[in-house]
Trainee: 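A single structure is presented below for examination.
Any value given below was found using the heavy atoms of this structure, including those in side chains, with hydrogens, waters and symmetry copies removed. Proteins come first, then strands; the chains are lettered A, B, ... in the order of their sequence lines, and each starts at number 1.
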Protein chains: 2
Amino acid sequence: MGADCHHAESAHPGLEGVALADAVAAAQAQCERTRERLTPPRRRVLELLLESDGPMKAYDLIAAYGQDGEPAKPPTVYRALEFLERLGFAHRIESLNAYVPCKMEGAGHRAAFLICECCGAAQEFEPDFSAQFAAAESAGYAVRTVTLEARGLCPACKVEG
Amino acid sequence: MGADCHHAESAHPGLEGVALADAVAAAQAQCERTRERLTPPRRRVLELLLESDGPMKAYDLIAAYGQDGEPAKPPTVYRALEFLERLGFAHRIESLNAYVPCKMEGAGHRAAFLICECCGAAQEFEPDFSAQFAAAESAGYAVRTVTLEARGLCPACKVEG
DNA sequence: GCCGAAGCGTTATGAAATAACATAACTAGG
DNA sequence: CCTAGTTATGTTATTTCATAACGCTTCGGC
Ligand SMILES: [Zn+2]
Ligand SMILES: [Zn+2]
Ligand SMILES: [Zn+2]
Ligand SMILES: [Zn+2]
């Protein structure tokens with residue numbers, strides 16, 4: 001995550017141990033309900049995202065993919081990311097070219113992010129698009145999806161200035 | 001713009017002739033007021049954006065840069081784009097890796113886009129972020145900038161389905 | 001004129017994403 | 001079972017997007 005941040009790296013820690021296993025198991029269960037397959041590459045990329053302290057770039061995932069240090073081939077990771085996004089287990093942050101695991105309950109929700117410019121953390125939140133939708137639809141548009149990414153300072157980084 | 005669209009390409013036409021000259025002159029005047037320099041490469045890239053029917057990729061600009069067909073070198077265009085964004089004459093659309101000229105009056109405003117998934121047009125609009133800001137600030141965040149990109153169908157493409 | 005800052009041209013490289021095609025694994029019908 | 005259709009993976013190569021680094025020029029204050 002944000003390498004140039006002077007704050008505690010663990011302010012937004014990733015999952016490990018039982019919490020990680022539980023999250024993966026929940027994804028597994030969700031897949032079984034919808035007849036989707038959480039195959040090894042998909043599971044591995046999901047694990048890496050869940051373990052991370054912050055948004056991961058695709059090539060970070062590629063480098064970290066093999067437990068033995070062997071990198072993955074790019075399509076392996078990009079395909080897994082496509083699947084995880086489709087199922088709602090992960091989100092792409094456009095303004096960072098990076099990916100995060102979904103932290104919200106329930107699939108198919110609308111995602112938005114608060115991105116700290118100091119420590120690099122990306123906090124997912126539930127956006128309120130009603131005003132935007134109203135404006136767009138009054139202009140004749142049919143809105144399908146909305147990307148919202150706010151940048152600023154997280155509470156931890158704000159206090160120190 | 002959207003190459004695979006069956007609709008009239010000129011539904012969202014670029015500027016030409018006097019309108020183009022006027023827009024460039026307005027940017028020139030704006031620069032003089034703020035002691036900024038609209039140098040030849042910056043002016044050229046702005047012209048290309050204003051002439052275009054829709055969002056332009058950086059390498060589209062690079063290819064179109066020379067009136068004699070000679071492409072620009074990438075840094076030439078990327079530096080110009082950085083300047084135009086800083087001054088508010090252009091915006092980057094993150095989800096397209098593309099650029100558009102600003103269509104709003106007054107610099108320093110917040111930009112948001114309605115992007116048609118059929119014809120590729122990108123309509124700039126003035127967003128209402130009050131709900132998002134309230135949510136973010138109640139969570140302790142200090143928001144500096146917001147990126148909002150909505151995708152769907154423009155009025156022209158909506159009617160035909 | 002001198003000097004520091006800003007801008008530009010150029011070469012080269014790095015980072016992000018996908019195309020294309022062959023192989024393997026599930027899964028449903030017979 | 002077996003076999004055809006579909007989904008997923010492995011692999012190679014390429015394309016697309018963006019920036020680093022360096023030297024030269026231009027601009028504007030002193
Ligand atoms: Zn989510
Ligand atoms: Zn922070
Ligand atoms: Zn604008
Ligand atoms: Zn359209």
Trainee: Does D:dT16 have its OP1 or OP2 closer than 4.0 Å to a side-chain nitrogen or oxygen of B:Tyr59?
Mentor: no
Trainee: Looking just at side-chain N and O atoms, do A:Glu124 and A:His91 make a donor-acceptor pair shorter than 3.5 Å?
Mentor: yes
Trainee: Figure out the CE/P separation between B:Met56 and D:dT16, and round it to whole Å.
Mentor: 15 Å
Trainee: Checking side chain to side chain contact (heavy atoms under 4.5 Å, CB included) for the pair A:Leu153/B:Val143: CA distance, chi angles, key distance, verdict?
Mentor: CA-CA 7 Å; A:Leu153 293 177; B:Val143 175; over 6 Å; no
Trainee: If I take atom CD in residue B:Glu94 and atom P in nucleotide D:dC17, what distance separates them, rounded to the nearest angstrom?
Mentor: 13 Å
Trainee: Round to a whole Å and report the spacing from CG of B:Leu96 to P of D:dT16.
Mentor: 16 Å
Trainee: Across the strands shown, which category fits A:Pro41 at heavy-atom distances under 4.0 angstrom: base, sugar-phosphate, nothing?
Mentor: sugar-phosphate
Trainee: Is any side-chain heavy atom of B:Glu51 closer than 4.5 Å to one of B:Leu20?
Mentor: yes
Trainee: Between A:Arg35 (CZ) and D:dT6 (C1'), how many Å, whole number?
Mentor: 17 Å
Trainee: Sugar-phosphate atoms are those with a prime plus P, OP1 and OP2; base atoms are the rest. Using that split, label each nucleotide of nucleotides 22-30 of chain D B, S or - for protein heavy atoms under 4.0 Å, 5' to 3'.
Mentor: -----S---
Trainee: For a 4.5 angstrom cut-off between non-hydrogen side-chain atoms, does B:Cys154 reach B:Gln123?
Mentor: no
Trainee: Within the structure provided, determine whether A:Thr147 and B:Thr147 are in side-chain contact (heavy-atom separation under 4.5 Å).
Mentor: no
Trainee: Just to be sure I understand the rule, does A:Arg92 reach a base, reach only the sugar-phosphate, or reach nothing, if contact means heavy atoms closer than 4.0 Å?
Mentor: sugar-phosphate
Trainee: Whether the side chain of B:Lys57 engages the backbone of B:Tyr99 through a donor-acceptor N/O pair (distance < 3.5 Å, no angle test) should be reported.
Mentor: no
Trainee: Please tell me if the side chains of A:Val24 and A:Leu50 come closer than 4.5 Å, counting only heavy atoms from C-beta onward.
Mentor: yes
Trainee: Does A:Glu126 pair with A:Arg110 as a salt bridge, N-O distance under 4.0 Å?
Mentor: no
Trainee: Using whole Å, what does the distance between atom C1' of nucleotide D:dA18 and atom CD1 of B:Ile62 come to?
Mentor: 9 Å
Trainee: Rounding to a whole Å, what distance do you find between A:Lys57:NZ and D:dC17:P?
Mentor: 16 Å
Trainee: Could you tell me from which nucleotide to which nucleotide of DNA chain C, 5' to 3', there is an atom under 4.0 Å from chain B heavy atoms?
Mentor: C:dG7 to C:dT11
Trainee: Nearest-Å distance, CG (B:Leu81) to C1' (D:dT19)?
Mentor: 13 Å
Trainee: Bend across the helix from C:dG1-D:dC30 to C:dG30-D:dC1, to 10°, with axes taken over 5 pairs at each end?
Mentor: 30°
Trainee: Quick one: which residue pairs count as a salt bridge (Lys or Arg N to Asp or Glu O under 4.0 Å) with a foot in residues 88-104 of chain B, not counting sequence neighbours?
Mentor: B:Arg92-B:Glu94
Trainee: Going by the ring-ring contact (aromatic ring centres under 6.0 Å, His included) test, which pairs reach into residues 118-146 of chain B, not counting sequence neighbours?
Mentor: none
Trainee: Here's a test of your reading of the structure: between B:Lys73 and B:Thr39, which maps to the more 5' nucleotide of DNA chain C?
Mentor: B:Thr39
Trainee: Among residues two or more places apart or on two chains, list those pairs meeting salt bridge (Lys or Arg N to Asp or Glu O under 4.0 Å) that have a residue in residues 35-49 of chain A.
Mentor: A:Glu36-A:Arg86, A:Arg44-A:Glu47
